[in-house]
Number of protein chains: 2
Amino acid sequence: MGQVAGEASPASRRRGPGARESILDAIRAAGRLSRVELAAITGLTEAAVSMTVRRLLEEGLVVETGRTPTGGKPRTLLRLDPAARLAVGVYLDRDTTTYVLTGQTGGVISRLARPAPTGDLLSHLAADIDVLLAGSGVDRARCLGVGLVWPGPRSGVARLDDTPPHLRGWDGEQLGRDLAAAAGWPVLVENNATAAAVGEYWVARVGPERAFAALYMGSGIGAGIIVDGRAMRGGHGGAGEFGHVCVLVDGPECWCGSRGCLEALAGPRAVVAAALADPAAAAEAGLDPGAARRGAATDFAAIARAARAGAPRCLALLEDSARYVAAAAESVVNLLDIDLVVLTGPGFAAASFVYGPAIMRRVGVADARTWRRSVTVTVSLAAATASATGAAALVLQSHLRR
Amino acid sequence: MGQVAGEASPASRRRGPGARESILDAIRAAGRLSRVELAAITGLTEAAVSMTVRRLLEEGLVVETGRTPTGGKPRTLLRLDPAARLAVGVYLDRDTTTYVLTGQTGGVISRLARPAPTGDLLSHLAADIDVLLAGSGVDRARCLGVGLVWPGPRSGVARLDDTPPHLRGWDGEQLGRDLAAAAGWPVLVENNATAAAVGEYWVARVGPERAFAALYMGSGIGAGIIVDGRAMRGGHGGAGEFGHVCVLVDGPECWCGSRGCLEALAGPRAVVAAALADPAAAAEAGLDPGAARRGAATDFAAIARAARAGAPRCLALLEDSARYVAAAAESVVNLLDIDLVVLTGPGFAAASFVYGPAIMRRVGVADARTWRRSVTVTVSLAAATASATGAAALVLQSHLRR
DNA sequence: CCCACATTCTTAAGCTACTGAACGAAGTCC
DNA sequence: GGACTTCGTTCAGTAGCTTAAGAATGTGGG
């Protein structure tokens with residue numbers, strides 16, 4: 001009889017992601033690869049690689065780029081043409097809208113930042129996308145579409161409390177459809193945390209074998225989770241509510257209606273509120289409790305700057321918040337057997353020097369003692385643009401696999 | 001230009017699960033279906049359905065079973081032959097080993113329970129599997145293999161603290177390989193919580209559109225999570241450590257090395273310990289603090305029985321535990337946008353009358369107020385065998401799709 | 001009874017994406 | 001210049017589907 005004890009067996013020629021996608025992904029991850037290497041990595045036959053690569057060369061997605069000597073015939077190396085296909089990523093933040101033009105390799109070709117629009121959202125976005133494309137001087141025919149990142153869910157309305165005024169009332173799907181009509185491009189909408197995770201996955205060359213979570217701090221806290229190379233969007237596309245993981249059973253009430261949510265205890269708004277309530281901390285951070293409040297993200301960044309500069313009260317506030325975040329991060333890591341935690345978004349970009357070590361300390365103990373694994377905690381290298389890049393990556397991905 | 005705003009578009013003829021699997025799944029879910037209906041449900045062509053069904057009929061997996069009149073030619077209905085292919089599910093519990101023989105439809109054909117073996121684990125298992133098959137009088141050629149459920153991870157060793165003595169030191173993969181050799185069947189190893197989730201998914205006809213979590217209480221607490229019809233096993237197959245979700249940042253130290261873990265605060269062992277520390281509760285449940293301890297699951301069941309019979313101290317203990325479990329459940333639901341929570345395993349089977357309502361209460365508030373979703377909490381109808389059935393289902397699944 | 005008509009299922013030809021195996025190409029080493 | 005090595009391509013299948021046409025099997029009307 002058989003003696004299989006694990007996964008798939010001989011007939012493992014199971015339906016994978018398709019040759020095109022596998023090959024593009026492998027080259028993107030490795031930078032440059034020969035056809036034989038591709039065959040080895042993807043598990044495809046050399047014949048299949050050869051045929052698929054020829055088509056990719058014809059389409060201009062891939063170019064040959066030198067050769068490496070071997071014992072016999074040298075290998076011809078292949079790389080992606082970064083500008084063969086492009087996509088625009090738009091990141092709708094509270095007070096800034098960031099536009100990014102990205103190519104196949106994930107690099108930012110061109111960037112544009114504007115204050116958040118006050119009037120008609122759609123026409124502003126459409127106009128700015130045009131400006132970005134015109135200013136970068138690329139062939140518009142190569143642009144495949146627009147990825148739109150916002151703090152709300154992929155489809156459905158953003159929660160009122162946490163949403164910048166100019167985005168209130170919008171539904172993700174609706175926004176996508178309307179912008180597609182207004183701008184004349186295919187539009188894909190994504191949540192900011194998920195987009196950030198996709199961006200890291202795409203740009204930072206995280207392999208599909210690593211299960212990872214991108215923790216995102218903007219004016220709230222979210223998590224984008226990628227396992228087996230697939231973004232987890234949950235039942236109705238509303239996954240990633242990291243801010244509403246409970247870290248204190250009977251903690252203070254959260255605006256969501258529950259108790260002890262991470263966001264209520266340790267989110268940027270909670271940190272800012274604590275700083276405003278503490279005159280010493282407010283002074284350190286240069287916050288004026290009387291003044292009209294800017295976004296939580298802005299005030300939070302001020303506190304982080306002060307803490308980094310050595311302000312003790314601000315540092316204490318962040319350390320306190322980090323304790324909670326670390327506990328919630330540990331929950332996620334344990335629940336999903338996560339390998340890699342990436343801190344991203346403006347909040348963590350400003351304060352990772354506190355949150356990173358806190359998470360590592362918390363996860364490290366049980367990690368070594370019990371789970372025999374080793375979780376890596378890193379800080380995104382492109383926290384400011386990761387989301388926008390991720391959204392653009394989703395657009396590219398969806399078109400390139402075909 | 002295009003106006004795509006969501007998922008895949010025209011070329012949605014994307015590589016799905018394969019006709020065979022789709023068709024079998026559709027019939028299993030619906031009970032009886034005609035070919036046209038199958039085409040509509042699976043999205044395949046009628047031609048493809050026809051061909052695939054013919055092969056399934058030849059293999060005996062599917063049988064025709066009557067017809068329904070229409071305006072024209074009546075439909076021939078198809079159903080699965082429950083006994084066409086079989087698999088054995090083995091559930092290694094602390095003091096009992098349960099064997100289940102399951103067919104294509106998930107029904108239990110035959111069952112066997114034995115005290116946990118004390119001597120050589122493998123030979124006991126192999127012998128009992130033989131007994132089960134012999135006793136049920138089925139054709140051994142129809143049996144595809146054995147699914148083995150244990151409290152440890154799919155591959156890797158079970159954590160010492162939580163493992164019944166006869167399983168200590170085993171590694172999941174090793175156990176599978178060795179049992180395959182000893183019993184002469186292909187063996188697949190799975191964690192009990194994940195297996196329970198698969199069992200629910202398979203038996204209780206949960207559709208792949210629902211993201212669901214099976215919370216499992218045995219001598220510890222775990223969660224099996226299924227999203228998009230796929231079990232989440234995480235980076236190294238160690239996902240589902242629901243018991244080590246943190247519900248109290250600075251809670252008591254857990255044996256895992258961290259603090260405030262659900263299991264340390266509210267797991268069955270914690271509940272039993274609390275009952276032993278409280279003479280009134282111990283008396284209600286008939287626990288003798290001086291006696292040698294049986295498994296936590298057994299003592300916990302005694303407490304649950306007492307509570308159900310009206311014992312106030314025991315009820316209070318469970319209510320207290322349920323508060324924590326509910327908070328952790330809410331975390332999972334929020335993090336992964338879970339639709340459906342199923343309570344299963346001996347612990348929840350005994351005490352669901354407390355835990356079910358507690359989870360519903362906790363999740364319900366924010367659900368209605370903020371998330372505009374509606375999470376269902378149910379109790380498994382076959383909590384005792386769900387795990388074993390699930391493991392058998394995995395074996396069947398892996399063979400049937402080919 | 002026989003003939004539209006509706007509907008279900010089957011058959012045949014073709015397409016896509018891959019595999020296997022043989023072969024051509026382009027180097028190195030002696 | 002020939003043997004050898006390694007890389008890449010070509011060609012003929014094959015699996016699994018699709019599209020398009022047609023066969024089977026019922027209904028209701030004259």
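Computed from a predicted structure; not experimentally measured. Letters A, B, ... mirror the listed sequences (proteins, then strands); counts begin at 1.
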**OP:** Output the single nucleotide from D/dC7, C/dT8, D/dT18 whose closest atom is nearest the side chain of A/Arg75.
**Re:** D/dC7
Where do N or O atoms of nucleotides 10-12 of chain D meet protein N or O atoms at under 3.5 Å, pair by pair?
{"unit_1": "D/dT10", "atom_1": "OP2", "unit_2": "A/Arg54", "atom_2": "NH1", "d": "2.8"}

Expected output: side-chain [X] to main-chain [Y] donor-acceptor under 3.5 Å:
X	Y	value
A/Arg85	A/Leu61	no
A/Gln104	A/Asp81	yes
B/Arg142	B/Ala83	yes
A/Arg32	A/Thr65	yes
A/Asn191	A/Ala193	yes

Rounded to the nearest angstrom, tell me the gap between atom [atom1] in [X] and atom [atom2] in [N].
X	N	atom1	atom2	answer
B/Leu57	C/dC9	CG	C1'	12 Å
B/Ile23	D/dC17	CD1	C1'	12 Å
A/Arg35	C/dG27	CZ	P	14 Å

**OP:** Specify the residue among B/Ser34 and A/Leu44 whose closest nucleotide of DNA chain C lies further upstream toward the 5′ end.
**Re:** B/Ser34
Original post:
Just checking A/Arg55: base, sugar-phosphate only, or nothing, at a heavy-atom cut-off of under 4.0 Å?
Top reply: sugar-phosphate
Between protein and nucleotides 26-30 of chain D, what N or O pairs are separated by less than 3.5 Å?
{"unit_1": "D/dG26", "atom_1": "OP1", "unit_2": "B/Arg67", "atom_2": "NH1", "d": "3.3"}

